[in-house]
Amino acid sequence: AQKVTQAQTEISVVEKEDVTLDCVYETRDTTYYLFWYKQPPSGELVFLIRRNSFDEQNEISGRYSWNFQKSTSSFNFTITASQVVDSAVYFCALLNTNAGKSTFGDGTTLTVKP
Amino acid sequence: NAGVTQTPKFQVLKTGQSMTLQCAQDMNHEYMSWYRQDPGMGLRLIHYSVGAGITDQGEVPNGYNVSRSTTEDFPLRLLSAAPSQTSVYFCASRQGQGNSPLHFGNGTRLTVT
């Protein structure tokens, strides 16, 4: 069985602070994919990034960066110099390549205060 | 390019009523799925389909039926609505192969009284 744990239910920061969202996963698959999705207050779900299980390179995209560590089964997401527009619910997800199903964590609600 | 279209956006039902939530995608995606989102419980998979004519159960299938007669459409049927089915429902699709991400509809907010 697959499982994704986002231990942080809610995080509140002040604008310009850096914030890291944690994601820990469990899977028996040797090949899998990890994703982060964003759900702003308007409610839609938007894809942010994906990572393959065999690619542990970390990635930076503007103010966003992702740290994938297979040894600890973690795929953490950092926002540098947070902005009010970053306020949203962030979901980590694990894709089972055999069945094609995606398992989501419970989400982390990030509030960035001005 | 419309992407994934869900209708209706809002719906109120009385206990015992039935209804169908519609989902259509125009991206020729093989894989389609339905999730429900409840506060503090993330997104839970109800049913999914890997192609026309093929459906399977997800994590919380009870009380819901699906069918996939075409690649484009994947309706979700509530046979006899219960208050426990009050939730926000999302339809999502993706290309069948590899690591393609899910494309989500805008959601349907269902209230069962």
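Quick note on labels: first sequence line is chain A, next is B, and so on, each numbered from 1. Quick caveat: nothing in here was measured; it's all calculated off a predicted structure.
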| Per-residue contact mode, B/L45 against chain A (heavy atom under 4.5 angstrom) | side chain

| query | Would a 4.5 Å heavy-atom cut-off, applied to side chains only, mark B/Q37 and A/F91 as touching? | reply | yes

| request: Give a yes or no on whether B/V4 and A/F47 share a hydrophobic cluster (residues Ile, Leu, Val, Met, Phe, Trp, Tyr; joining criterion: side-chain heavy atoms under 4.5 Å apart). | output: no

| Which bit of A/L95 is near chain B, if near means a heavy-atom gap under 4.5 Å: side chain, backbone, both or neither? | side chain

| request: Inspect the surroundings of NZ in A/K70 and state if more than 12 heavy atoms from other residues, nucleotides or ligands are less than 6.0 Å away. | output: yes

| said: Would a single hydrophobic cluster contain both B/L21 and B/F104, if residues Ile, Leu, Val, Met, Phe, Trp and Tyr are joined by side-chain heavy-atom contacts under 4.5 Å? | reply: no

| Taking side chain as C-beta onward, heavy atoms only, is B/L102 less than 4.5 Å from A/L45? | no

| task | Tell me, for A/Y37 versus chain B, whether the close heavy atoms (under 4.5 Å) come from the side chain, the backbone, both or neither. | result | side chain

| request: Using modelled atom types only, decide if a donor and an acceptor are shared between the side chain of B/Y35 and the backbone of A/F104 within a distance under 3.5 Å. | output: no

| Should A/K101 and B/Y31 be marked as a side-chain contact (heavy atoms from CB on, under 4.5 Å) after you check the CA-CA gap, both sets of side-chain angles, and the distance that decides it? | CA-CA 9 Å; A/K101 299 186 293 183; B/Y31 178 90; 4.3 Å; yes

| What option among A/G100, A/A93, A/G105, A/G107 has the most heavy-atom pairs under 4.5 Å with chain B? | A/G100

| Segment of A/Q39 engaging chain B (4.5 angstrom heavy-atom cut-off) | side chain

| Would one find more than 12 heavy atoms of other residues, nucleotides or ligands at under 6.0 Å from atom CZ of B/R44? | yes

| query | Is it the case that one hydrophobic cluster holds both A/Y90 and A/V4, taking links as side-chain heavy atoms less than 4.5 Å apart, direct or via other members? | reply | yes

| request: Give a yes or no on whether B/L43 and A/L48 share a hydrophobic cluster (residues Ile, Leu, Val, Met, Phe, Trp, Tyr; joining criterion: side-chain heavy atoms under 4.5 Å apart). | output: no

| query | More than 12 heavy atoms of other residues, nucleotides or ligands under 6.0 Å from CG of B/N106: is that the case? | reply | no

| task | Consider only side-chain heavy atoms of I, L, V, M, F, W and Y, link residues closer than 4.5 Å, and tell whether A/L94 and A/V24 are in one cluster. | result | no

| Closest contact, heavy atoms only, A/R50 versus B/P101 | NH1-CD, 3.3 Å

| query | Considering only heavy atoms from C-beta outward, does the side chain of A/S102 approach that of B/Y48 to under 4.5 Å? | reply | no

